[in-house]
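A short worksheet on the structure shown next.
If you're wondering where the values come from, they're calculated on a predicted model, not measured in any experiment. Every chain is numbered from 1, with letters handed out A, B, ... down the list of sequences.
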Amino acid sequence: MAQYRSEFLNTLEERGFIHQCTDMEALDAALMKGIVTAYIGYDCTAPSLHIGHLIQIMMQRHLQKSGHKPIVLMGGGTTKVGDPTDKDKSRPLLSNEQINANMDGIRTVFARFLTFGEGPTDAVMVNNDDWLSELGYLEFLRDYGTHFTINRMLTFESVKLRLSREEPMTFLEFNYMLMQAYDYHNLLGRFGCTLQMGGSDQWGNIINGVELCRRKDETQVFGLTTPLLSTASGQKMGKSMGGAIWLNADMLSVYDYWQMWRNTEDADVGKFLKLFTNMPLDEIARLEALQGQELNEAKKLLANEVTTLLHGAEAAATAAETARQAFEQGMAAEGLPTIEVSAAKLEVGIPAPELFTAAELTKSNGDARRQIKGGGVRVNDKVISDEKRQITSKDLDEDGVIKLSLGKKRHVLVKPV
RNA sequence: GGAGGAGUGCCCGAGUGGCUAAAGGGGACGGGCUGUAAACCCGUUGGCUAUGCCUACGUUGGUUCGAAUCCAACCUCCUCCA
């Protein structure tokens, strides 16, 4: 049933990565002809990438595995401008220090998915600040500004959204699409890069680059986007568990990462296995067909595989074991996220709301009180109903810790020091 | 530059002098049902050293016993005119 000649496109197609492509046939031919160099840009707006980026990273992994060359473009320069795509209002500008710090945080995850080096299909990482910050304004306007019309720029979804919401869009942000187009042109010149990939929200930005390369370089380059990921019930992915699902372990514990995959909706199991693991398709088909409770086994495998890719087999196994103990045996397992509290303070006693807030299970003391009233708060698996309840060293269990729980799934251990 | 309209909590949106920490919806969180799922039902949804205090309806001032609500200036957006 192979639809394409190239291994890369077939893999993407079979596993559900493809949303749109500028010219599927020509891209397929190019992939057969030799090594294709392809880039994906990553913004440096946060100190870690999150789960929404994972599909892009996986795509680059497939690219490399099928014999092509990935470029990881760090948006050190473009982040100074700020991508208005999908932003309903301007974001505060980040300082150069913040951007650099974010970049350092983001960088680390790629080594787990791609092989970097000097070889022909080894991945390379570049920072667009290297060329964007060198641009001269007047020169840039004359060389590139002439290839863009305001008429067309105004038709872009990112611009229209802002205008329709009656939110300001600054000229700086308006220029973002030119920067990204220029990146493509630049990477074409530098690395012979002829494919840009990204999320479907990047389609507009990508075709701008494709157009620019056609005009400036008279070269056909390609754009390929992934579908916007949502769960079967229409939620944006990773919305549960309070906050973004970060990839860096210091932003989100391995346990929580594992948990988030374990809680996948039934209808999404197959889709996620295809996108986020390397499991063979026939194996996935078998797992996907499981019914009812049995599907939970497939979810565990999904969580194991995905966590192994990002954090390694050992960390994934620990997370799985922690979850097993916490859920199947109701124990205060060691691998749960842990906070430290001064033993002296614990001796005196800490009001429960304060401790839950310190553990980041609740966002304020008031929030904690409301949760206690709502019956969602447990200490060592016992529901507490008194909001004035003091947590003291008497609550320490035989392992010398106290287990705080909010709801059924979120647990934090308190350890005296 | 001129005329008119608008800016409300995480988001959308009602409110046009005290009854307003601000209707309603969405989202989020918790409870119930379950399979650590979805759907559904119920509750909660500004902060605090808490029978009270503080912060909040674009920003800054003002009127008033009292302002999201009235006035002034400013900022931003929309529509029409130039």
By side chain to side chain contact (heavy atoms under 4.5 Å, CB included) - contacts of A:E305 (at least two apart): A:T277, A:M279
One should read off an interatomic distance between A:Y176 OH and A:L172 CG, to the nearest 0.5 angstrom, of 11.5 Å
Under the rule for side-chain hydrogen bond (donor to acceptor under 3.5 Å, both in side chains), what residues qualify as partners of A:R107, not counting sequence neighbours? A:D104
All pairs passing ring-ring contact (aromatic ring centres under 6.0 Å, His included) where residues 288-320 of chain A contributes a residue, at least two apart: A:Y257-A:H311
Contacts of A:D28 meeting salt bridge (Lys or Arg N to Asp or Glu O under 4.0 Å) (sequence neighbours excluded), chain-then-number -> none
Secondary-structure string, 5' to 3', Watson-Crick or G-U under 3.5 Å, | for another-strand partners, for RNA chain B: ((((((((.[[[..)..(.....]]]((((((.......))))))(((...)))...[[[[[..)....]]]]]))))))).
List in chain and number order the residues that pass salt bridge (Lys or Arg N to Asp or Glu O under 4.0 Å) with A:K300, two or more places apart in sequence or in another chain; answer none if no residue qualifies. A:E297, A:E328
Strictly under 4.0 angstrom, non-hydrogen atoms only: write out the protein contact profile of nucleotides 41-48 of chain B, one letter per nucleotide from the 5' end, B, S or -. ---SS-SS
Which nucleotide in B:A37, B:U36, B:G30 has an atom nearest any side-chain atom of A:A323: B:U36
Contacts to RNA chain B from residues 281-299 of chain A, heavy-atom cutoff under 4.0 Å, which residues? A:G292, A:Q293, A:N296, A:K299
For A:K274, enumerate each residue passing the salt bridge (Lys or Arg N to Asp or Glu O under 4.0 Å) test, keeping only those at least two apart in sequence or located in another chain. none
Rounded distance (Å) that lies between atom C1' of B:A37 and atom NZ of A:K300: 13 Å
Interatomic distance, A:K408 NZ vs B:U34 C1' [rounded to whole Å]: 8 Å
For A:T11, the side chain to side chain contact (heavy atoms under 4.5 Å, CB included) test, sequence neighbours excluded, returns A:E7, A:R15, A:H62
What donor-acceptor contacts under 3.5 angstrom involve side-chain atoms of residues 344-355 of chain A, with partners at least two apart or in another chain?
residue: A:E347; atom: OE1; partner: A:S393; partner atom: OG; Å: 3.2
residue: A:E347; atom: OE2; partner: A:S393; partner atom: OG; Å: 3.3

May I have all residue pairs that pass ring-ring contact (aromatic ring centres under 6.0 Å, His included) and include part of residues 346-394 of chain A, sequence neighbours excluded? none
Rounded to whole angstrom units, what separation is found between the CH2 atom of A:W261 and the P atom of B:A37? 17 Å
Name the nucleic acid region contacted by A:T362, choosing base, sugar-phosphate or nothing; use a 4.0 angstrom heavy-atom cut-off, strictly under. nothing
